[in-house]
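Take a look at the structure below.
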Amino acid sequence: MAEQDRAAPERCCSYHTVQRRFPVLRWLPQYSLQWLQFDLVAGVTVGLTVVPQALAYAEVAGLPVQYGLYSSFMGCFVYCLLGTSKDVTLGPTAIMSLLVSAYAFHDPTYAILLTFLSGCIQLAMGLLHLGFLLDFIACPVIKGFTSAASITISFNQVKNILGLRDIPRQFFLQVYHTFRRIGETRAGDAVLGLACLAALVGLRAMKCHIPRIRRVELVSIRISRLIVWAAATARNALVVLFAGLVAYSFQVMGSQPFTLTGETPQGLPPFQLPPFFKATANSTVPFSEMVQELGAGLAVVPLMGLLETIAIAKAFASQNNYRIDPNQELLAMGLTNLLGSFVSSYPVTGSFGRTAVNAQTGVCTPAGGLITGILVLLSLAYLTSLFYYIPKAALAAVIICAVAPMFDAGIFRTLWRVKRLDLLPLAVTFLLCFWEVQYGIVAGVLVSGVLLLYTIARPRIKVSGQGVLLVQPASGLHFPAVEFFRDAMHRWALAASPPRCVILDCTHISSMDYTVVMGLADLLQEFQRRGVTLTFSALQAHVLQVLLSADLEGFQHFPSLEEAEKGHGVDLDGSSRVLLYNASRENMLPTSGLIQ
């Protein structure tokens with residue numbers, strides 16, 4: 001009996017562990033017919049969105065269009081089992097397609113290997129609980145990158161709207177050659193592309209202004225609003241379908257004024273190992289050389305993929321009042337890319353646009369993704385012959401409308417009002433991303449890191465008192481701040497005539513490393529040589545233990561500031577001149593008020 005009692009909690013613990021790793025086990029036992037209805041509608045709606053977008057994003061990635069569809073179904077199935085958000089959909093996105101274009105050299109072999117390696121890295125990060133590394137990418141860096149990507153991707157599609165060919169992919173060369181050759185614009189492509197853009201913008205605006213359907217209204221009104229809402233939600237599929245029918249009509253009549261997508265291989269991709277070498281006409285590129293050529297992409301692609309997915313999952317979890325597990329999201333992303341590489345997928349991540357559609361259609365569980373994945377597989381199996389007639393101008397219009405909202409003009413005004421210094425990493429990231437994506441991201445992270453380290457190395461310190469100085473660091477003391485703090489103490493206390501005793505109020509100091517302890521030991525010795533006192537007050541227990549363990553000579557500590565004042569026989573609560581030391585300048589700024 002005792003053994004059974006001990007075994008019961010162990011079985012319960014094991015079941016909870018399995019549930020945490022496979023979140024599908026939490027909602028599947030409660031699954032109902034009503035949930036199925038909502039999931040079916042959401043899955044079909046997202047499927048009608050993902051198919052045209054997948055074809056378009058493959059163009060952004062510089063790959064044949066079928067690779068967009070190859071990348072669109074694995075995430076639907078894996079996330080249903082491992083994902084912790086009911087709303088998130090995984091698949092090709094504009095941002096990830098841009099990164100693949102930058103690092104995979106428009107070669108499917110490199111793109112698939114990048115998928116495999118990114119999946120391994122993301123899976124390892126999830127198992128090691130390294131999701132916190134994403135916290136070091138500041139919001140201005142992300143905003144700068146996405147805004148630059150919006151402009152880059154949009155302008156990259158201008159050539160397809162105008163029907164221009166052989167335009168370089170490097171942004172500045174692209175701008176130069178597009179304007180230089182604008183006289184070669186194909187009228188058919190331009191008219192169709194602009195018409196598709198207008199239709200997409202109009203349908204999106206229409207969707208935003210549809211009143212909420214109420215049960216008290218007439219059935220005919222409710223049905224008409226539902227039809228308009230469905231058309232606006234599936235606008236990408238409708239516009240691409242209409243453009244394809246127009247192109248087919250011209251083909252039947254014996255003329256073709258549009259640039260078409262062309263032949264697309266029919267059937268599902270083969271399930272096979274990702275390529276670990278590349279065979280060329282004259283030689284074979286080994287795995288090690290391929291990894292070297294992928295370079296910074298092995299860091300940028302998995303990190304940006306995780307960042308995009310977790311940011312989207314957190315946003316919709318907060319909006320719909322549920323919680324996600326970031327480390328479990330890492331596992332879902334990693335396994336999606338790992339398995340995706342076996343079906344010729346390029347790296348995928350969470351899609352904000354399709355996730356929003358999923359949430360708006362009332363999806364109840366991740367099972368909606370199963371319907372989306374099945375629709376993609378059916379498209380690959382039976383509809384690829386129809387993709388031949390899709391005009392590239394229509395796909396370009398879909399991309400432009402998808403990425404245009406990513407440009408956030410308001411962030412510049414917001415940062416100017418809130419904290420102007422944050423404009424620096426934003427501007428650096430934004431401008432350098434037009435040169436090379438990796439340079440912009442790395443430079444933005446470095447600049448934001450330097451700004452963070454500067455606040456640590458130059459902490460704000462408040463000083464008050466007349467006979468005895470009260471020194472109050474406004475934040476923790478860490479090793480980069482040691483010399484700065486010692487110089488400040490020399491200026492305020494030891495360089496004064498006569499030297500002044502100091503009470504160091506440590507209320508806000510929550511940690512202290514060895515270098516700081518040694519710096520304080522040197523300060524104590526200097527104060528002792530000058531015959532003045534350096535007293536510590538209000539040290540937190542774990543910080544006090546660190547200083548006691550160091551056995552500092554002359555160390556004095558009082559549990560509170562009041563007791564330290566009594567020990568010196570002074571009252572610092574009276575009227576006194578207050579000095580605020582500004583770390584960005586070399587002087588002390590007098591202010592009014594009292595330091596508590």
Side-chain angles (χ1 to χ4, degrees), residues 47 50-82 89-93 96-97 99-101 103-123 261-281 283-287 289-291 293-294 297-298 301-302 305 332-349 369-388 390:
V50 72
V51 171
Q53 281 192 344
L55 300 174
Y57 289 148
E59 165 70 21
V60 176
L63 301 174
V65 292
Q66 67 268 22
Y67 285 92
L69 294 173
Y70 294 167
S71 307
S72 300
F73 63 86
M74 185 60 74
C76 299
F77 301 126
V78 173
Y79 197 83
C80 179
L81 299 176
L82 302 181
T89 63
L90 300 183
T93 64
M96 194 53 62
S97 300
L99 294 176
V100 170
S101 174
Y103 294 113
F105 320 112
H106 311 154
D107 187 332
T109 303
Y110 282 91
I112 296 168
L113 180 61
L114 181 59
T115 308
F116 174 78
L117 296 176
S118 296
C120 291
I121 293 170
Q122 291 166 338
L123 202 56
T261 297
E263 292 288 346
T264 303
Q266 187 166 350
L268 304 181
F271 191 87
Q272 59 188 8
L273 284 172
F276 295 112
F277 63 89
K278 177 177 172 60
T280 61
S283 62
T284 298
V285 182
F287 174 74
E289 187 174 332
M290 293 178 71
V291 171
E293 291 176 358
L294 290 173
L298 294 176
V301 169
M333 271 288 301
L335 195 60
T336 294
N337 280 319
L338 183 64
L339 294 178
S341 66
F342 286 78
V343 291
S344 304
S345 166
Y346 69 80
V348 301
T349 183
L370 295 177
I371 311 302
T372 302
I374 291 171
L375 283 179
V376 174
L377 291 176
L378 290 174
S379 299
L380 277 167
Y382 301 109
L383 301 180
T384 50
S385 59
L386 302 179
F387 296 157
Y388 177 91
I390 297 176

Any idea how F105 and Y110 line up, ring-wise: parallel (<30°), tilted (30 to 60°), or perpendicular (>60°)?
perpendicular
Show your reasoning for whether side-chain contact (heavy atoms from CB on, under 4.5 Å) applies to V51 and F387.
CA-CA 11 Å; V51 171; F387 296 157; 4.2 Å; yes
Taking atom CG of L268 and atom CZ of F73, what is their separation to the nearest 0.5 Å?
6.5 Å
Using modelled atom types only, decide if a donor and an acceptor are shared between the side chain of T93 and the backbone of T349 within a distance under 3.5 Å.
no
Let's go through T261 and L55 carefully: what are the C-alpha distance in whole Å and the side-chain angles of both, what is the deciding distance for side-chain contact (heavy atoms from CB on, under 4.5 Å) to 0.1 Å, and is it a yes or a no?
CA-CA 9 Å; T261 297; L55 300 174; over 6 Å; no
How far apart are the closest heavy atoms of I112 and S344, and which atoms are they?
CD1-CA, 3.7 Å
Step through the shown structure and confirm whether more than 12 heavy atoms of other residues, nucleotides or ligands are within 6.0 Å of CZ on F276.
yes
Can you list the steps and then say if L113 with S341 is a side-chain contact (heavy atoms from CB on, under 4.5 Å)?
CA-CA 7 Å; L113 180 61; S341 66; over 6 Å; no
Could you measure the distance from the CG atom of L298 to the OG atom of S118? Nearest 0.5 Å is fine.
6.5 Å
Tell me if the CZ atom of F342 is crowded by more than 12 foreign heavy atoms within 6.0 Å.
yes
Taking all non-hydrogen atoms of both residues, which atom of C120 and which atom of L338 are closest, and how far apart?
SG-CD1, 3.7 Å
I need the N337 CG to I121 CD1 distance, nearest 0.5 Å.
10.5 Å
How long is the span from the CE atom in M96 to the CG atom in L90, to the nearest 0.5 Å?
10.5 Å
Do you know which two heavy atoms are closest between A58 and P64, and how far apart they sit?
CB-O, 3.6 Å
Quick one: which of L69, V65, L380 gives a side chain to side chain contact (heavy atoms under 4.5 Å, CB included) with T264?
V65
Decide yes or no on side chain to side chain donor-acceptor pair (under 3.5 Å) for T280 and S283, but give the supporting numbers first.
CA-CA 5 Å; T280 61; S283 62; 3.2 Å; yes
Could you check Y79 against T89 for side chain to side chain donor-acceptor pair (under 3.5 Å), going step by step and ending with a plain yes or no?
CA-CA 8 Å; Y79 197 83; T89 63; over 6 Å; no
